[in-house]
Structures are given as structure tokens and as C-alpha cells.
Amino acid sequence: METRKLYYEDCHLRCFTAQVLGCEQTVKGYEVILDATAFYPEGGGQAADTGTLNGVAVLDTREREESVVHFCEAALEAGSSVEGIIDWERRFDLMQNHSGEHILSGVICAKYGCDNVGFHMGKEMITIDLNTKIPEEDLAWLEEKANEAIWNNAPVGIRYPSKEELDALEYRSKKELEGQVRIVNVGEYDCCACCGTHVKLAGEVGQIKIISAQNYKGGTRLELLCGKRALQDFRKKNDVSAQAGQLLSVPAEKVDGAVKNLLAERDELIQTLNQLKWKYFNLKTEQVAEGTENILFFGEGMNSKDMTHFADLLLKKGAKRTAVFSPSGDGFAFVLLSSEKDGREFTDAMKEPFACKGGGKPDAVQGRVTGAKKDIQAFFEERGFLVEE
């Protein structure tokens with residue numbers, strides 16, 4: 001059963017009437033075939049349309065040979081006439097982003113003589129994979145050149161050239177093509193083989209925005225947003241910038257400078273805090289009685305570097321084993337240094353009562369435990385440790 005593809009006759013068609021040629025119940029619901037449809041089936045990197053047929057939800061659309069299969073929530077009687085309504089907001093979003101991707105890819109491939117070797121239109125972002133490395137300093141120019149097509153409202157043309165015409169035509173394609181080829185061109189900016197739906201004029205794309213660029217398999221992967229998605233992204237980032245400006249008491253356009261100043265102040269405070277902490281460690285070390293061999297210490301706000309430094313100071317004081325604990329999450333992080341015996345015996349012994357996770361070398365182990373402070377103290381006191389706080 002062949003389905004007339006109305007989405008190729010008019011990509012902007014939102015409503016249509018058609019006759020049900022067949023309806024079959026499957027594990028996925030009801031597979032409905034119409035004599036004509038404006039529902040675009042998944043293909044060419046573009047997601048399938050959704051919508052309704054006589055009020056029945058169309059959840060997915062796929063092409064099967066010459067037919068377009070609509071996956072519906074309920075049955076539709078064969079031979080009946082139905083009204084199809086496309087989820088236009090979804091369709092137009094896909095058209096904006098698909099056409100925007102064509103424009104940007106065309107601009108890039110023309111400049112670098114490269115190929116678009118991958119394209120994915122996700123729910124939130126579009127990715128393009130190109131087999132060349134794009135210099136970071138070129139991104140702004142590429143983005144502006146692509147948006148120039150929108151500002152010029154370049155026409156988007158669809159044609160089906162003969163084999164002879166196709167052979168003489170320069171166009172982009174990710175694979176070798178057979179049979180009738182559908183060519184989509186956007187003014188002077190792109191000419192590409194494509195089976196997807198597109199806007200009629202580049203102005204409908206609204207905006208093309210490159211979000212990120214990264215090295216990928218020897219080339220470049222770009223993430224971009226077009227149309228309403230780009231506008232929503234701008235609104236979100238603008239709101240965040242404005243809120244940051246309010247918190248920092250500066251205009252939004254000066255947030256970067258205020259953040260740099262804030263980070264510099266933070267670094268100075270961290271340096272001062274570290275100096276004070278290490279003075280405190282030296283003071284606590286001096287207070288430990290001479291001849292104390294095993295020392296257990298609990299301290300607040302200590303990272304692994306702090307704990308290791310303090311434990312090492314205690315060893316230099318004359319201790320043979322030092323265990324330093326500090327609250328972390330729902331338990332404690334610890335460092336245990338030993339100048340004589342294998343410190344790993346403690347991590348093994350703490351596994352069962354304190355769910356200890358950690359390890360290291362005989363003279364230095366670290367990890368995490370859960371449990372009450374008093375129980376940990378009792379554990380070490382039983383093993384001859386003096387508790388210091």
C-alpha cells in the first residue's frame with residue numbers, strides 16, 4: 001500500500017484528511033496506514049512527527065517500503081476518513097533546527113573543504129561531526145556567516161534532478177546515493193542531499209547559535225541550537241547572568257570581572273586559612289606529651305592533605321602510629337601513618353564494624369568509615385591509642 005507523502009508537497013501543512021487503508025494491532029499498539037499523510041516518518045537524522053488522527057494520539061511514524069506507518073494509541077476503522085493534525089510546535093522546531101544545521105554545515109564545508117560525517121538532532125541539542133579541526137578563533141565568523149543566510153532570508157529550494165543533472169551538481173552527502181535524489185539548497189549557503197522537512201525561507205530559522213566545539217575522532221564536534229531553542233537558551237543564560245549580577249551588586253555585563261575579583265579573594269582566604277591551620281597543627285603537636293607512641297586525633301574541616309601533614313608532624317614528634325579523622329559526608333575520612341608496623345591492619349580491622357573503604361602502603365593508609373565518633377575512639381583506645389582533640 002503506497003502512501004502519498006504530503007509532507008514533501010508542503011512542509012508547512014499542519015492538517016489534512018485521508019482514508020485509512022489498513023489498521024493492525026501489534027505489541028506497540030495500532031499500526032495505521034493512510035492513503036496520504038503529512039506525518040513525517042523518522043529518517044535522515046530527523047525525528048518522526050507526532051499528533052492525532054481523529055483525536056487518536058499518533059506516538060510515532062515510520063516508513064515501511066512505500067507506506068508510512070502511524071503508531072496509534074487506538075484503532076481506526078479501515079476505509080474510514082480521518083483528519084490528521086500535526087504537532088506543529090514539534091515539527092516546526094525540528095524544521096528550524098534541521099535547516100539551521102544545513103546552513104552551518106554548508107558554510108563550514110565550503111570554507112574548509114571538509115565533510116559532515118555525523119549529524120544527530122536530539123531533544124535538547126544538535127550535534128554535527130566534521131572531519132576537520134576547526135580553529136576556535138574561526139567559530140564566531142562561521143556562526144555569523146551562517147546567520148547571514150537568515151538575515152538575507154535566503155530561499156530554501158527542493159528539487160529532484162535527473163541523473164545527468166546530479167552528476168554535474170556539487171552537493172553534500174554523507175553516503176553514496178542510488179535512485180532519485182532529493183536536493184535541498186539554501187541560497188548560496190548550502191546544497192545537500194536530504195530527505196527531511198525544511199523551512200521555505202531561511203528567516204524562519206530565526207537564529208543559529210554554536211554552543212560548544214570539541215575535538216572528536218581527529219575532527220570537530222559542534223553542538224548548536226536554532227530557532228526557539230536558541231532563544232530559550234539565551235533567555236536562560238541571560239537570567240542567570242542577571243541574577244549573578246544582583247548577587248554581586250554589579251551590572252550583568254560586568255559579572256565576569258566581579259567573579260574574577262571574587263575568585264582572587266577566595267584564593268587569598270584559602271591561603272590564609274591554610275597558614276592558620278598549619279600553625280594550629282604545629283601547636284597541637286607541641287602539646288603532645290613526649291613518648292606518646294600511638295595518637296588518634298579528630299579534627300573538623302580537614303582535607304586529605306591536612307590530615308597527612310598533621311599525621312606526619314606527629315610522627316616527627318616521636319609517635320610511631322598516628323590516625324587522623326575528620327567528618328566527611330555521613331561518616332569520617334581518615335589518614336593513618338606508621339613508622340613501624342603495617343598500618344593496613346587497621347583498615348582490615350575496621351571493615352566490619354565501620355564499613356571501612358580504603359588502603360595504601362604499609363606506612364601510609366587512608367580511606368573512609370561510617371559510625372559514631374565514640375565507637376571509633378573506643379576501637380583505637382583498645383589498641384593503645386591516646387585520643388587528642
Original post:
Can a salt bridge be assigned to the pair D348 and R344 using a cut-off of 4.0 Å between side-chain N and carboxylate O?
Top reply: no

Original post:
Is K228 salt-bridged to D93, cutoff N-O under 4.0 Å?
Top reply: no

Subject >> Distance-only donor-acceptor check, side chains E223 and S212, under 3.5 Å >> reply: yes

Subject >> L248 vs V259 side-chain heavy atoms within contact, under 4.5 Å >> reply: yes

**OP:** In sequence, state the C-alpha distance, the side-chain angles, and the governing distance for L224 and I208, and then conclude on side-chain contact (heavy atoms from CB on, under 4.5 Å).
**Re:** CA-CA 7 Å; L224 67 146; I208 298 170; 4.2 Å; yes

**OP:** Using only heavy-atom distances, determine whether the side chains of E204 and N153 contain a donor-acceptor pair under 3.5 Å.
**Re:** no

Original post:
For T37 and H70, does a side-chain donor sit closer than 3.5 Å to a side-chain acceptor?
Top reply: yes

Original post:
Any link between L142 and Y216 through a network of hydrophobic side chains (Ile, Leu, Val, Met, Phe, Trp, Tyr) touching at under 4.5 Å?
Top reply: no

**OP:** For the pair Y8 (side chain) and C195 (backbone), establish whether a donor and an acceptor sit closer than 3.5 Å, ignoring hydrogens and angles.
**Re:** yes

**OP:** Please lay out, stage by stage, how S105 and R172 fare under the test side-chain contact (heavy atoms from CB on, under 4.5 Å).
**Re:** CA-CA 9 Å; S105 292; R172 296 189 301 110; 3.6 Å; yes

Original post:
When you check the side-chain N and O atoms of Q46 and T197, is any donor under 3.5 Å from an acceptor?
Top reply: yes

**OP:** Given side-chain hydrogen bond (donor to acceptor under 3.5 Å, both in side chains), test T61 with D49 step by step and report yes or no.
**Re:** CA-CA 6 Å; T61 316; D49 283 335; over 6 Å; no

Original post:
Using 4.0 Å as the upper bound for N to carboxylate O, is an ion pair formed by R159 and E165?
Top reply: no

Subject >> Contacts of type salt bridge (charged side-chain N to carboxylate O under 4.0 Å, His left out), residue D138, not counting sequence neighbours >> reply: none

Original post:
Going through the checks in order, is the side-chain contact (heavy atoms from CB on, under 4.5 Å) test met by T50 and L59?
Top reply: CA-CA 5 Å; T50 59; L59 306 176; 5.7 Å; no

**OP:** List for me each residue that meets salt bridge (charged side-chain N to carboxylate O under 4.0 Å, His left out) alongside E388, sequence neighbours excluded, and say none if there are none.
**Re:** none

Original post:
Taking D363 for the side chain and S338 for the main chain, is one N or O donor matched with an acceptor at less than 3.5 Å?
Top reply: no

**OP:** Would you mind checking if R229 and E124 are paired as a salt bridge, meaning a charged N to carboxylate O distance below 4.0 Å?
**Re:** no

Original post:
Tracing side-chain links under 4.5 Å among I, L, V, M, F, W and Y, which residues wind up in one group with F380?
Top reply: L296, F298, F325, F332, F334, L336, F346, M350, F354, V365, V369, I376, F379, F385, V387

Original post:
Are L53 and V68 grouped together when hydrophobic residues (ILVMFWY) are joined by side-chain heavy atoms under 4.5 angstrom apart?
Top reply: no

**OP:** Decide yes or no on side-chain contact (heavy atoms from CB on, under 4.5 Å) for F16 and E83, but give the supporting numbers first.
**Re:** CA-CA 6 Å; F16 66 96; E83 180 185 34; over 6 Å; no

**OP:** Check for a donor-acceptor pair, side chain of T322 on one end and backbone N or O of I295 on the other, with a separation under 3.5 Å.
**Re:** no

Could you tabulate the donor-acceptor pairs under 3.5 Å formed by side-chain atoms of residues 272-280, not counting sequence neighbours?
residue	atom	partner	partner atom	Å
T272	OG1	E268	O	3.0
N274	ND2	I270	O	3.3
K277	NZ	D306	OD1	3.4
K277	NZ	D306	OD2	2.4

Original post:
Do R235 and D233 sit within salt-bridge range, that is, some charged N less than 4.0 Å from a carboxylate O?
Top reply: no

Original post:
Ignoring hydrogens and geometry, is there a side-chain-to-backbone donor-acceptor pair from N147 to I150 under 3.5 Å?
Top reply: no

Original post:
Honestly curious: do V82 and I33 fall in one hydrophobic cluster under the side-chain, below-4.5 Å linking rule?
Top reply: no

**OP:** Ignoring hydrogens and angles, tell me if any N or O in the side chain of D115 forms a donor-acceptor pair with the backbone of V117 under 3.5 Å.
**Re:** no

Subject >> Donor-acceptor pair between N185 and Y171 side chains, under 3.5 angstrom >> reply: no

Original post:
Between K5 and E63, does at least one N-O distance fall below 4.0 Å, as a salt bridge requires?
Top reply: yes

Original post:
So, are E293 and R321 salt-bridged, with charged N and O less than 4.0 Å apart?
Top reply: no

**OP:** Taking S99 for its side chain and Q96 for its backbone only, find out whether a donor-acceptor pair lies under 3.5 Å.
**Re:** no

Original post:
With a 4.0 Å cut-off, would you call D312 and K316 a salt bridge?
Top reply: yes

Original post:
Does the D35 side chain pair with the main chain of Q19, one donor and one acceptor, at a distance under 3.5 Å?
Top reply: yes

Original post:
Going by the angle between their ring planes, with limits at 30° and 60°, are F281 and F310 parallel, tilted or perpendicular?
Top reply: parallel

Original post:
Yes or no on salt bridge (charged side-chain N to carboxylate O under 4.0 Å, His left out) for K237 and D239, after CA distance, side-chain angles and deciding distance?
Top reply: CA-CA 5 Å; K237 291 175 179 176; D239 289 345; over 6 Å; no

**OP:** Kindly write out the residues that satisfy side chain to side chain donor-acceptor pair (under 3.5 Å) with H120, not counting sequence neighbours, or none if the list is empty.
**Re:** none

Original post:
Who are the salt bridge (charged side-chain N to carboxylate O under 4.0 Å, His left out) partners of D167, not counting sequence neighbours?
Top reply: K163

